[in-house]
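Read the structure below first, then the notes.
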Number of protein chains: 2
Amino acid sequence: MTVTLKDIAKKANLSPASVSRILNNRGRFNDDTAKQVRTIAQSLGYFKNQSAADLSQKQSRVIGVLIPTAHTNFADEIIKGMQNEAYENGYELLITFFGNDHQQQMQTVKALLSRQLLAIFMLAVDITLPIHQLIKTSNIQVLSISNQLNDGVPSISSDNYDMMSQIVNYLYDHGHRQMALIGSSMIEPVVATVRRQGFIDALAKHNIKYNPDFIWGNNISYELGLQTIPHYGTPLPFTAVISSADIISIGILNGAKDAGLQVPNDLSIISIDGTELTQLTRPILTNAKQNFQLMGELAITALINNQLSTNTAIYTDIEIIAGQTIRTLKDS
Amino acid sequence: MTVTLKDIAKKANLSPASVSRILNNRGRFNDDTAKQVRTIAQSLGYFKNQSAADLSQKQSRVIGVLIPTAHTNFADEIIKGMQNEAYENGYELLITFFGNDHQQQMQTVKALLSRQLLAIFMLAVDITLPIHQLIKTSNIQVLSISNQLNDGVPSISSDNYDMMSQIVNYLYDHGHRQMALIGSSMIEPVVATVRRQGFIDALAKHNIKYNPDFIWGNNISYELGLQTIPHYGTPLPFTAVISSADIISIGILNGAKDAGLQVPNDLSIISIDGTELTQLTRPILTNAKQNFQLMGELAITALINNQLSTNTAIYTDIEIIAGQTIRTLKDS
DNA sequence: TTGAAAGCGCTACCAG
DNA sequence: CTGGTAGCGCTTTCAA
């Protein structure tokens, strides 16, 4: 029922081999016959059977992409970047959502590995050890995007340590001396650890003694933001907060409103990520914008250039975008 | 280099055929040998080559999913629903982002059609005619989710006509007589047309004369919301707006703030969609919540039950979720 | 520039 | 319950 190369070949009095060459623009062939072949293919409604091609070539141009279901909305931006770059280089993206159910995760990864992928890109995903090992046995290349992992997985992300330094400096320059870091107190993802350390070290550089109470919140959620003000009580013991994600920042903003605080008069906020969410609030959130789209593009480039070795760590720059949530303090 | 069924068969003194049966739990086989085979497979680090399987079976369990790049964030919810259901029934989802570049769209669809998919699901996507025809020639089943299309494409969505009626009734019951509909004045997507008609007819049922000026805005965007108040000027000629999407509602909310209006005292807002975004605002948005997750689940179910004929139109219920953006007017 | 033929890894049929 | 085998549609030598 389905139209195959053979069918086209028969109709064109050619061999399947030639048709294959023509339709793939590979090798040499006569331009005139080529034109004919293409029209025939068109008229017959031919669709390449990619499975057969992959099988025959023992390789595909498919990149598997893992996205967390609890879909941090910057994933879109990364994908946008990847998609363009992938399209131009003839790669396909196989995007798969990655839930929390471990059973399901395993099955998902196995399904991916069952299609001789070129590579697996993980967007902001933290994988468990068994899964990591599963991938390892398959010899498929892996890359973590936006998330630094240990386990020797190559990554493309912001330099989270340096980012904290920039943020602290920014706040310091605006006269802030007491600042809190919200949403990075977990031990697990390396990113949180790195940010904490960067925060502490940056404070030290300004001779500010680090107050352990000022690092709080072990998850990334709106609710965490909402609870932040109640957690510390008013008057707040600090003048500024660094929020580990935009969604947290919105929670803080609303929590402040609920507590009768004025932002930025009573509290300054700077938000890490800088997705569109930061533009939807009143006041608009000052943010440390990560270049997600570029991360996506670089991911493909790195793959093409064979740079996905174990120790690769590519950094993209961040940019601090002034909004309306940072108050400049007169004297310190 | 790669481990194949044959390798396992050799090691287990079996035929590839048997190994295939065992590893797929198909047909009859001896449980003991099965156990052996599985351990061997494990130890050899075997991964099924799905391309070969698909080729051999001339069929795959893969459902292609098209998501607009301008990623209305309810897509996530739909996918969540689909993913669970798909997982339980052994289907794979091949998610593909669908940009605006026509060239790229074509290539994307062709890539999809090159893998004997079971079906293509389109999430809130409006396809152009050539693409529609392309899909048609391939005989792959299609389903539009959350978006009603013409062209005889089966769909799962809310009953947009009835939704408008419910919304208008809700506003009416709260004393509103002058209401506007924002973001549905485009001619193109059928959804907009249906909503307009539903709006007008619902008003008529309450003997409210329909004012054409009160249907405004031909796109779905934050900016549209922001411009709404300036567009009409204050004092507003209506007491309530129905916003065609959450992102528009947020724009309206901010626009109102900018104009010095109090919501809901000076303006009531009800938002269509009811994604998490509605919970992030102050005041919280009253909304007509669509059941996106259910749409996703039903999509898979419909596929399984072979219900994807041309005229299928499955509706899921909406629910009006009271927030803080509707004022009850005393007298009318 | 084109063709013949082998083979990718798996499944399905039919025999045993 | 198991094995032999043909064949899915495509690519890729190698030879013509």
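This is a predicted model, so every value here is computed, not measured.
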Can you give me every donor-acceptor pair (side chain of residues 37-46 of chain A, partner residue at least two apart or in another chain, under 3.5 Å) with its distance?
{"from": "A:Arg38", "atom 1": "NH1", "to": "A:Ile22", "atom 2": "O", "distance (Å)": "3.3"}
{"from": "A:Thr39", "atom 1": "OG1", "to": "A:Lys35", "atom 2": "O", "distance (Å)": "2.8"}
{"from": "A:Thr39", "atom 1": "OG1", "to": "A:Gln36", "atom 2": "O", "distance (Å)": "2.7"}
{"from": "A:Ser43", "atom 1": "OG", "to": "A:Thr39", "atom 2": "O", "distance (Å)": "3.4"}
{"from": "A:Ser43", "atom 1": "OG", "to": "A:Ile40", "atom 2": "O", "distance (Å)": "2.9"}

Working note: B:Val191 + B:Asn147, criterion side chain to side chain contact (heavy atoms under 4.5 Å, CB included); need CA distance, chi angles, decisive distance, verdict. CA-CA 7 Å; B:Val191 172; B:Asn147 195 24; 3.0 Å; yes
List the steps and the verdict of side chain to side chain contact (heavy atoms under 4.5 Å, CB included) for B:Gln307 and B:Ile156. CA-CA 11 Å; B:Gln307 298 176 328; B:Ile156 295 182; over 6 Å; no
When you look at A:Leu298 and A:Tyr315, which way does the side chain to side chain contact (heavy atoms under 4.5 Å, CB included) test go after all the steps? CA-CA 10 Å; A:Leu298 289 180; A:Tyr315 292 132; over 6 Å; no
Generate the contact string for nucleotides 9-16 of chain C. Rules: B means base contact, S means sugar-phosphate contact only, - means no protein heavy atom under 4.0 Å. BBBBB---
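Looking at heavy-atom distances under 4.0 Å, B:Asp31 makes no contact with the nucleic acid at all.
Using a cut-off of 4.0 Å between Lys/Arg side-chain N and Asp/Glu carboxylate O, A:Glu92 and B:Arg115 are scored as salt-bridged.
Applying the ring pair (Phe, Tyr, Trp, His ring centres under 6.0 Å) test to every pair with at least one member in residues 4-45 of chain A, sequence neighbours left out, gives no pairs at all.
For B:Thr96, the side-chain contact (heavy atoms from CB on, under 4.5 Å) partners at least two apart in sequence or on another chain are B:Leu66, B:Leu94, B:Thr108, B:Leu112.
Each end of the helix from C:dT1-D:dA16 to C:dG16-D:dC1 gets its own axis from five base pairs, and the two axes differ in direction by 30°, given to 10 degrees.
Between chain B and DNA chain D, the heavy-atom contact criterion of under 4.0 Å yields a 5' to 3' nucleotide range of D:dC1 to D:dG9.
In summary, of the residues considered (B:Asp273, B:Asn160, B:Thr275), a side-chain hydrogen bond (donor to acceptor under 3.5 Å, both in side chains) with B:Gln290 occurs for B:Asp273 alone.
Formation of a donor-acceptor pair under 3.5 Å by the B:Ser114 side chain with backbone atoms of B:Lys110 is found in this model. A:Ser155 places no side-chain N or O within 3.5 Å of a backbone atom of A:Ser157 that could act as its donor or acceptor partner.
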